[in-house]
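Notes follow once the structure below has been shown.
Predicted model only: the values in this text are computed from it and were never measured. Proteins get letters first, then strands, A, B, ... in listed order; numbering begins at 1 in each.
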Amino acid sequence: MRTEEVDLEPDEGEVLTLHARLGLSDDEYRQIIDGLGREPSRSELAMYSVMWSEHCSYKSSRVHLSRFPTEAPWVVVGPGENAGVVDVGEGWLAALRIESHNHPSFVEPHQGAATGVGGIIRDIFTMGARPIALWDSLRFGPLDQPRNRYLFAGVVGGIAAYGNAVGVPTVGGELAFAEHYSDNPLVNVMCLGVLRAEDLVLATSGPPGTIAVLLGAPTGRDGIGGASVLASASFDETSLEKRPSVQVGDPFAEKKLIEACLELYRRKLVVGVQDLGAAGLSCAVSEPVSRSGHGITVDLDRVHTREPDMTAPELLMSESQERMMAFVHPDRVDEVVEVARRWETEASVVGEITSSGNVVVSHGGEVVVDVPARSLTAEAPRYQRPLGEPGWMEDLWSNTVKFVAQPAIATGLLQLLAEPELGSKAWIYEQYDYMLFLNTVVGPGHDATLLRLKGTDRGLALTTDGNGRVCYLDPRRGGARLVWEAALNVAMVGAEPLAVVDNLNFGNPEKPEVMWQFRETVEGISEACEALGVPVVGGNVSFYNETDGLDIYPSPVIGMLGLVEELIWPPPRLDRADAEMAIYLVGNEWAPNLAGSAFEKVTFGHVGGRPTGPDRAAGRAAVIAARRLAEAGTPVLHDVSMGGLALALAEICIASGVGASVAYSDWRFLFSEDPHRFVAVAPAAADHTISAVCSEVGVPFLRIGTMGGDSIVFDRGGVRAAVDLSVAVTAWRTALPEHLRN
Amino acid sequence: MAITRRPEIADPEGATVKKALTDLGYNEVRTVRFDRSIILDLEENDATRARDRAVEMCNRLLVNPVLEEYTVEVET
Amino acid sequence: MAITRRPEIADPEGATVKKALTDLGYNEVRTVRFDRSIILDLEENDATRARDRAVEMCNRLLVNPVLEEYTVEVET
Amino acid sequence: MTKVAVVLFPGTNCELDTAEALSSLGADARIVWHADSDLAEFDGVVLPGGFAHGDYLRTGAIARFSPVMKSVAALAEAGRPVLGICNGFQILCEAGLLPGAFIANRGLSFLCKWVDLEVADQGSMLTSGLQPGTHLRLPLNSYEGNFVAGSTAARVVLTYRDNINGSDHAAAAVANEAGNVVGVMPHPERASADWLGSADGNLLLGSFLQAAS
Ligand SMILES: Nc1ncnc2c1ncn2[C@@H]1O[C@H](COP(=O)(O)OP(=O)(O)O)[C@@H](O)[C@H]1O
Ligand SMILES: [Mg+2]
């Protein structure tokens, strides 16, 4: 044992500070003593420290998360379980969840990201679903710093190594850069699974007498105190000393665990399942029983271990990967063990459900833990943290760029194309297997990924959206805009928005400004979800994303699942534009606003002003129009987001290998990122369809130009700015690789 | 330079290969560990300088201190 | 046992790492080679028997003759 | 109906896709477990892609000792078609049923990418239906896709038009002398329908089934 946080054998007189070293406040320690009516044992203290950590207890966020709309007729399982589950028709359910592995990825990018992938996959197959798709949303500091290049390449390599080997395709992702993430990268991974309605499994313990069987990898001293120490404490120089508790992922073990569990479900051999993630065994034994209102006895001597002489606290806190707790009827235990053996997975009977309501753990023949299960979970501390609007908001809003003259448009566009954040992401997704299972109809590189739902004519669309700049300038508008953007993105491939998962990456919740940003974001997300009629079915909160006192941008990430009832063939794609086709801009006519735009950031290094807020009516209209146009066979649909209309257009030209010419009146119109707008490209003959759909739905549309030629031309009353297509292609293709060169 | 995995860090590969050997009937195998060694051919006559540079390379690139420990040997 | 890649076989790891080191300014690096060693803990007191078994393991599983050469050392 | 075995090793992940593609071509494709299979009843066998035994030690090294490999060797011996796709190719090399071995891609990164291939030799069961020089478009999906021919002469039946992983002879598919055992690094089953981006893989799987029937 190296790090002091996990040195559980303190010298004389240190006992009082032990709880502090485990990340518990003095008040929390007193709360434990009052609850138990005595001093906790070391093992009990270890359990409380991980279960009451921010990461596991959501003690700072729960009060706000209750604001989310979580209900809809198609919701089968909402927030509270390992993943949200929705009905996608014909007897099929989809399980969706997103989770962060930010701090571990900073400590060891490759393994940190890899184990993050393993963790979110477990959350999905715990529900009885076969994981069919992964999606990564990443934030890093600027690539001109070697350390950031190292973190970036390590994280991508880790996701590739684990995701590819475990056999779950990574079908898309999202990437952004900002100084704020330099010492605090964000690694959020979303996983989608599908299952038959009758195969749904919940994380419940079953009645007294049910046997707890620990499946999977042996337990070692991995990530001890990971939850409390890594995910719930801020970074500073000392964080590098926390390294020895790093976990190593074993995709092969996870693959076998997936197949073993799916066989257990198929044969109805388990009552319930809980994965071992943050807080390991402590969480896996206490959460299911407190859900079912029972208790459990656990014998640590039966846990299969990798290292000898592990202490009880170590066994309880270990975050060794690729483990599952199955709750099994006594008569089926032998069959369960047999299935595990066949899949070369270890299984040990470690406990039994009781009616006591207590978690009772023994080690070396003596009882080391005896506490009420609920005291570890439901009765964990909840904080109404003080919150207050930051003093800087007014200044931020008034801090706008005053343009004396029209900037060079061609140069501006080329600069955007050459930004790693906006250029091609092929360098990333070509390292990911995104084709496995033969489901990928529209793959990475589009607004959303479209998967077929095997065995049906249905399709599932996936996307995530985040925008640190806009959320920083206005957390509520920002949070809401992300939901609208995600909805528009799935509509771009013809899907109807169905469910949201969110990953809320924020700074230090003990700062009122950060809690205000958090509350505002949750409010914005909730408003947009209500307006769209889309429920939040799950998510994750990551606080303490700060380094040396600098908080990250408020960085919510919105994951959206969309449903296509009947797959359209061929679906809209960026590469289906052709010479002579007409170009339309569909959506609300805003007074152009560059606040928070990529253009201002890239060309002026400026982040200020107040971004446009969303508009319910315009938002809904845009989503409906997009879906109708997709159904009507429109070859190209692409939403206007980061980089504005100019970039959206350039992306279509690059993908399709053909130029375009568009007319504009106000140049800001080309770069503003105002919401609810998209580009449609269609043969001139389809003009009536476009106008019919748009006027029917009541959404403004404008024919702005025509595809053709070998350059991208912006024309203002005869004054033309042109970017040579081949130059654009090169800038866009090399954006990432160029910046990754040492 | 010889690079060893820190003992407390899980080694799935070693465990898997041990199992494979056992399945092949090599029951005497207690543990299997994989180490890496990196052999650099340096254009550098001064042995101490060579070592210092090598150590620097290990810390900056070649070794992952989170997972590994290393020793450097210089041959002239 | 120490496993070396046959000299005539391409070594992408070595090549890539050499480039990375050069980019970092270590221009003195002429070549980089990655070797692997496998450390077996055997329940076997007889050194010669241990070696024979180890050699057998190499030939059957641990080494691919197309790519690699190996040497076995026994410590008691 | 042509009966084809698709072998499932622990860590394999392309077995369903491969079986699906073969079935859609009219075959009776059965997934068989690596530990308990006698393949005598099958007309042909496919070792699909994935990460058998986690690719630990060397890709394919451990899988080669699975009980099923004895019957795979027997089928090969009997002249029945034996196809290894991606990881399956690597296993066939380790098992000595095909010459050569694999190392990491030039550039050291995993490559999931559409590649253009050219038929170099139609004298194998995989390419028998195709004229030499025919171009095919298939997805590549591997980290150790860099083929090393070694001393024995390899019979290269498909080549990369752009050798992105650095394979000797730009080899994308290699056959044994008899031509009934073939390994292919790109994934024919992933190019088995237009909506997947190409149906060229069916040409290869088609001639495999031809040879099997
Ligand atoms: N930001 C959020 N929005 C909605 N639900 C959330 C959010 N954060 C956490 N949850 C829900 O709280 C439950 C517990 O989360 P967590 O303890 O992280 O699960 P796990 O132990 O599987 O990682 C999950 O169902 C998760 O979906
Ligand atoms: Mg979970």
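Side-chain contact between C:Val32 and C:Leu21 is present, with at least one heavy-atom pair separated by less than 4.5 Å. Counting only heavy atoms from C-beta outward, the side chains of D:Val181 and D:Leu92 approach each other to under 4.5 Å. The shortest side-chain heavy-atom distance between D:Phe89 and D:Val182 does not fall under the 4.5 Å cut-off. D:Ile91 places a side-chain heavy atom less than 4.5 Å from the side chain of D:Phe9.
Both the backbone and the side chain of C:Ala10 come within contact range of chain D, judged by heavy atoms closer than 4.5 Å. Of the atoms belonging to D:Phe65, it is side-chain heavy atoms, and not backbone ones, that fall under 4.5 Å from chain C. Interface residue C:Leu61: backbone and side-chain heavy atoms are both found under 4.5 Å from chain D. Contact annotation for C:Val63: only backbone heavy atoms (N, CA, C, O) come within less than 4.5 Å of a heavy atom of chain D.
Of all heavy-atom pairs spanning D:Leu117 and D:Pro186, the tightest one is CD1-CG, 3.9 Å.
Considering only residues two or more places apart in sequence or on other chains, D:Phe110 meets the ring-ring contact (aromatic ring centres under 6.0 Å, His included) condition with none of them. Applying the salt bridge (Lys or Arg N to Asp or Glu O under 4.0 Å) criterion to C:Asp52, with sequence neighbours excluded, gives no partner residue. Residues that satisfy the side chain to side chain contact (heavy atoms under 4.5 Å, CB included) test with C:Ala2, not counting sequence neighbours, are C:Thr71.
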Pairs of donor and acceptor atoms under 3.5 Å between chain C and chain D, please, with atom names and distances.
unit_1: C:Arg36; atom_1: NH1; unit_2: D:Leu57; atom_2: O; d: 3.2
unit_1: C:Arg60; atom_1: O; unit_2: D:Arg64; atom_2: NH1; d: 3.0
unit_1: C:Arg60; atom_1: O; unit_2: D:Arg64; atom_2: NH2; d: 3.2
unit_1: C:Leu61; atom_1: O; unit_2: D:Arg58; atom_2: NH1; d: 3.2
unit_1: C:Leu61; atom_1: O; unit_2: D:Arg58; atom_2: NH2; d: 2.9
unit_1: C:Leu62; atom_1: O; unit_2: D:Arg58; atom_2: NH1; d: 2.9
unit_1: C:Asn64; atom_1: ND2; unit_2: D:Glu94; atom_2: OE2; d: 2.9

